[in-house]
Amino acid sequence: MKILVAVKRVVDYHVRVLPKADGSDVDIEHLKMSMNPFDEIAVEEALRLKEKGVAEEVIVVSIGPAACQETIRTALAMGADRGIQVEVGQAVEPLDAARLLQAVAQRTGPGIILLGKQAIDDDANQTGQMLAALLGWPQGTFACAVEVTGETVRVVREIDGGTQTVELRLPAVITTDLRLNEPRYAKLPEIMKAKRKPLEVLDPATLGVEPRPRLEQLRVSEPPARKPGVVVEDVTELVDRLRNEARVI
Ligand code: AMP
């Protein structure tokens, strides 16, 4: 079985992103970019499934400009076998990402497609679900455990206040949650080896998809600044303030 993993290049999660002065967008020029953290977890899970003998090949795909190849190389250095970059100039919305991933899946024929539960730049949490719908495949979202047995995969899902275990018939789409695993670091020899692994570049037209924005971003803004804390004299004052000033008690 092949596993296809979608990896998105996003602003590194350690970096604080600020809006541009005119509020039209966030300013990401000159910021450190990295693989979306949930996608690193997806790559790790695919590699573990390969190590268990469940899969023979791990293919990573990223949609975006040439710089995405860096992200693909990171996944190759972790141990993925080959990469595909779908070359698009600007960011694509989740539906177009899903349509492009659908076309890549039809070309590569994976038994499992792993995605992050969400990309930390747009926080959409839509691509995996849309991809499953377009393919007509079952989906196991927010996975914190994945176990493949024969023609099925058991996915433990993180849900509010607990977990839910579902069994899906393969092929299936799985999206990763934070507790699924801890991604490995690429070792230097693997980083060197990754430079020689195959990386195919495809354009959307070849895949029969024409990305088309459907949303217009009107404004971005920072969250309101937090008010400074106050030191209370005693418990009576604390209770009084909680009763009279706190929004929710
Ligand atoms: P989203 O629906 O935008 O929150 O993204 C969910 C997941 O879809 C991400 O964690 C990635 O696995 C995948 N994805 C979304 N956009 C892209 C992209 N441009 N390239 C590769 N994978 C993507």
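Keep in mind that what you see is a predicted model, and the values were worked out from it rather than measured. Just follow the structure's listing: the first ligand is 1, and inside any ligand the first atom is 1.
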Nearest non-hydrogen protein atom to atom 10 (O) of ligand 1, with distance, is Asp39 OD1, 2.5 Å
Any nitrogen or oxygen of Gly116, side chain or backbone, less than 3.5 Å from one on ligand 1? yes
List the closest protein heavy-atom neighbour of atom 22 (N) of ligand 1: residue, atom name, distance to the nearest 0.1 Å. Ala6 CB, 3.5 Å
With backbone taken as N, CA, C and O and side chain as the heavy atoms from C-beta onward, which portion of Leu101 lies under 4.0 Å from ligand 1: side chain, backbone, both, or neither? neither
Answer with yes or no whether the side chains of Thr165 and Arg154 bring together a donor and an acceptor at under 3.5 Å. no
Donor-acceptor check, side chain of Lys8 to backbone of Asp39, threshold 3.5 angstrom: yes or no? no
May I ask you to list the atoms of ligand 1 that are less than 4.0 angstrom from any heavy atom of Ala124? 1 (P), 2 (O), 3 (O), 4 (O)
Please confirm whether the backbone N or O of Ile72 pairs with a side-chain atom of Gln85, one donor and one acceptor, at under 3.5 Å? no
About how many Å separate OG1 of Thr127 and CG of Leu134, when rounded to the nearest 0.5 Å? 10.5 Å
Atom 21 (C) of ligand 1 [closest protein heavy-atom partner, distance rounded to 0.1 Å]: Val7 O, 3.2 Å
Please list, in number order, the atoms of ligand 1 under 4.0 Å from a heavy atom of Asn125. 1 (P), 2 (O), 4 (O)
Out of curiosity, Glu57 CD to Leu4 CG, how far, rounded to the nearest 0.5 Å? 10.0 Å
Is there at least one pair of N or O atoms, one from Asp123 and one from ligand 1, spaced under 3.5 Å apart? no
Quick check: does Pro94 get an N/O under 3.5 Å from an N/O on ligand 1? no
Please list the nearest protein heavy atom to atom 15 (C) of ligand 1 with its residue and the distance rounded to 0.1 Å. Thr127 OG1, 3.6 Å
Donor-acceptor pair, distance only, cut-off 3.5 Å: does the side chain of Asp81 make one with the backbone of Val58? yes
Rounded to the nearest 0.5 Å, how far does CG of Leu131 lie from CD1 of Ile113? 4.5 Å
Kindly confirm or rule out an N or O of Gly128 lying under 3.5 angstrom from an N or O of ligand 1. no
With heavy atoms under 4.0 Å as the rule, classify the contact between Asp122 and ligand 1 as side chain, backbone, both or neither. side chain
Report the part of Leu115 (side chain from C-beta onward, or backbone N, CA, C, O) that has a heavy atom under 4.0 Å from ligand 1; answer both or neither where that applies. both
Between Ile63 and ligand 1, does any nitrogen or oxygen pair lie at a separation below 3.5 Å? yes
Minimal non-hydrogen separation, Met78 against Pro183, with atom names: CE-CB, 4.1 Å
Taking atom 17 (C) of ligand 1 as the reference point, the nearest protein heavy atom with its distance: Lys8 CD, 3.7 Å
Walk me through it: do Arg184 and Glu190 pass the test salt bridge (charged side-chain N to carboxylate O under 4.0 Å, His left out)? CA-CA 12 Å; Arg184 68 195 65 187; Glu190 299 303 322; over 6 Å; no
Euclidean distance, Asn36 CG relative to Gln118 CD, rounded to 0.5 Å: 8.0 Å
